[in-house]
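Notes to accompany the following structure.
Note that the structure is a prediction, hence the values are computed from the model and not measured.
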Amino acid sequence: MASDKTTVDVDGVRLALSNLGKVLYPETGFTKGEVIDYYAKVADVLLPLLADRPLTRKRWPDGTGSQPFFEKNAPAHTPAFVRTVHIASHGEGVDYPVVDGLPTLVWLANLAALELHTPQWQVTRDGEPKPPDLMVFDLDPGPGMDIVDCCHVALAVRGTLDADGLVGFPKTSGSKGAQIYVPIENDSGSAPSAYAKSLAEDLAKAFPDLVVATMDKAVRRGKVFIDWSQNNVAKTTIAAYSLRGLGSPTVSTPLTWDEVSEADDAERLRFTATDVVDRLDAHGDLLADMFDQARPLP
């Protein structure tokens, strides 16, 4: 068992880490120390996805067997090395942390911020929101469906994207469903949401026995909901390579399109922290050139 407090040097920043032996995933015994170690190992591929994006965290300080909470504001004890940006919203706005280096990532992991959620837009150095540079399709399986069904829908989404000159990058949600990132050249806050909604509605008409595009949960049984609303500028999506706060330390994991097209077993598309580190060693970062593939919306 680790001591209650350990001081480490992370890229020249001294951090006091606490309770490293505390189990955060009680079903598997995965500890806070292992959470921190995972995030350190994937930092090179995760940090570019978090860069300049206001971060919403979902925290489980007492482990995933307990009640979590979402946190947007940087906590009062936020250290000086953590960059924060003020985003005007309701009331007096929100002071979000921005992860611009490994020290901030490790600090958040030490707070049991297991899930990292980002918007589809970045901020300037002065904290001003930019237009969205990502579009996302969140494929949510209804009762009786699973990620394999989501993969079938993902291929249909890809077909439309290809026809419109856009490039999609699939990933698991780390939970039940799947998601597709689409890097875009864009100067509008509303255009990505409008495009995503239109695509979802078109596929719901083309595949009425498989796809729904409405929020009504009553119509989702036996179908996959294409949640286009994640492109609203007020919404966030689980970041690729983020852990999920479930029974075991599953991860929102980038996939190849071959894996999507060959999907036939949901369990084979369930990846834990250890699996993801092994995948990076074997295949590298499947999102490495994502932002280089940005294209304008039609």
Side-chain angles (χ1 to χ4, degrees), residues 1-11 13 15-47 49-50 55-71 75 97 99 101-118 146-147 171-179 236-255 259 265-287:
M1 177 70 69
S3 61
D4 286 345
K5 291 188 178 180
T6 302
T7 301
V8 297
D9 183 288
V10 181
D11 289 352
V13 176
L15 292 176
L17 308 181
S18 62
N19 302 316
L20 297 181
K22 184 174 185 177
V23 173
L24 294 184
Y25 289 86
E27 289 186 17
T28 61
F30 202 75
T31 66
K32 185 199 281 193
E34 289 174 302
V35 167
I36 294 172
D37 181 64
Y38 166 74
Y39 275 126
K41 286 178 176 176
V42 301
D44 286 348
V45 297
L46 174 57
L47 289 173
L49 303 175
L50 303 181
L55 188 70
T56 298
R57 295 84 63 210
K58 194 172 183 181
R59 293 175 53 188
W60 279 264
D62 294 316
T64 60
S66 64
Q67 187 69 26
F69 63 94
F70 273 100
E71 187 173 53
V99 181
L102 182 58
T104 299
L105 187 60
V106 170
W107 172 72
L108 288 169
N110 187 58
L111 295 179
L114 302 181
E115 292 189 3
L116 309 177
H117 297 251
T118 57
D146 61 23
I147 193 172
K171 68 185 183 80
T172 73
S173 69
S175 182
K176 297 180 297 181
Q179 293 155 346
T236 61
T237 303
I238 191 75
Y241 299 112
S242 173
L243 290 164
R244 299 306 301 260
L246 302 173
S248 62
T250 56
V251 174
S252 179
T253 307
L255 301 172
E259 287 177 307
D265 182 350
E267 189 60 25
R268 293 175 62 186
L269 294 177
R270 176 184 176 275
F271 303 103
T272 65
T274 300
D275 297 328
V276 169
V277 172
D278 290 343
R279 281 173 66 87
L280 285 170
D281 289 341
H283 305 298
D285 178 18
L286 297 179
L287 304 181

Rounded distance [0.5 Å steps], [atom1] in [X] versus [atom2] in [Y]:
X: Tyr241; Y: Thr253; atom1: OH; atom2: OG1; value: 8.0 Å
X: Leu50; Y: Thr104; atom1: CG; atom2: OG1; value: 10.5 Å
X: Arg279; Y: Leu255; atom1: CZ; atom2: CG; value: 6.0 Å
X: Thr56; Y: Glu71; atom1: OG1; atom2: CD; value: 9.5 Å
X: Leu280; Y: Leu286; atom1: CG; atom2: CG; value: 8.0 Å

**Asked** Pick from Thr250, Thr272, Thr172: which one makes a side chain to side chain contact (heavy atoms under 4.5 Å, CB included) with Arg244?
**Response**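 Only one option passes, and that is Thr250.
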Counting C-beta onward and ignoring hydrogens, is there a side-chain heavy-atom pair between [X] and [Y] closer than 4.5 Å?
X: Ser173; Y: Gln179; result: yes
X: Leu114; Y: Val35; result: yes
X: Glu34; Y: Pro249; result: no
X: Leu15; Y: Asn110; result: no
X: Asp44; Y: Asp285; result: no
X: Ile36; Y: Leu20; result: yes
X: Thr118; Y: Thr236; result: no
X: Leu46; Y: Val99; result: no

Minimum heavy-atom separation for [X] and [Y], please, with both atom names.
X: Leu47; Y: Leu102; result: CD1-N, 3.9 Å
X: Asp146; Y: Ala266; result: OD2-CB, 3.8 Å
X: Gly63; Y: Ser66; result: O-OG, 2.6 Å
X: Tyr39; Y: Ala109; result: CD1-CB, 4.0 Å
X: Ser18; Y: Lys32; result: O-NZ, 3.0 Å
X: Trp60; Y: Thr64; result: CD1-CA, 3.4 Å

Is a side-chain donor or acceptor of [X] paired with a backbone partner of [Y] at a separation under 3.5 angstrom?
X: Arg57; Y: Leu55; value: yes
X: Arg268; Y: Glu259; value: no
X: Ser242; Y: Leu116; value: yes
X: Glu115; Y: Ile238; value: no

**Request:** Report the C-alpha separation of Val251 and Asp275 in whole Å, then their side-chain angles, then the decisive distance to 0.1 Å, and conclude whether the side chain to side chain contact (heavy atoms under 4.5 Å, CB included) test is met.
**Result:** CA-CA 9 Å; Val251 174; Asp275 297 328; over 6 Å; no
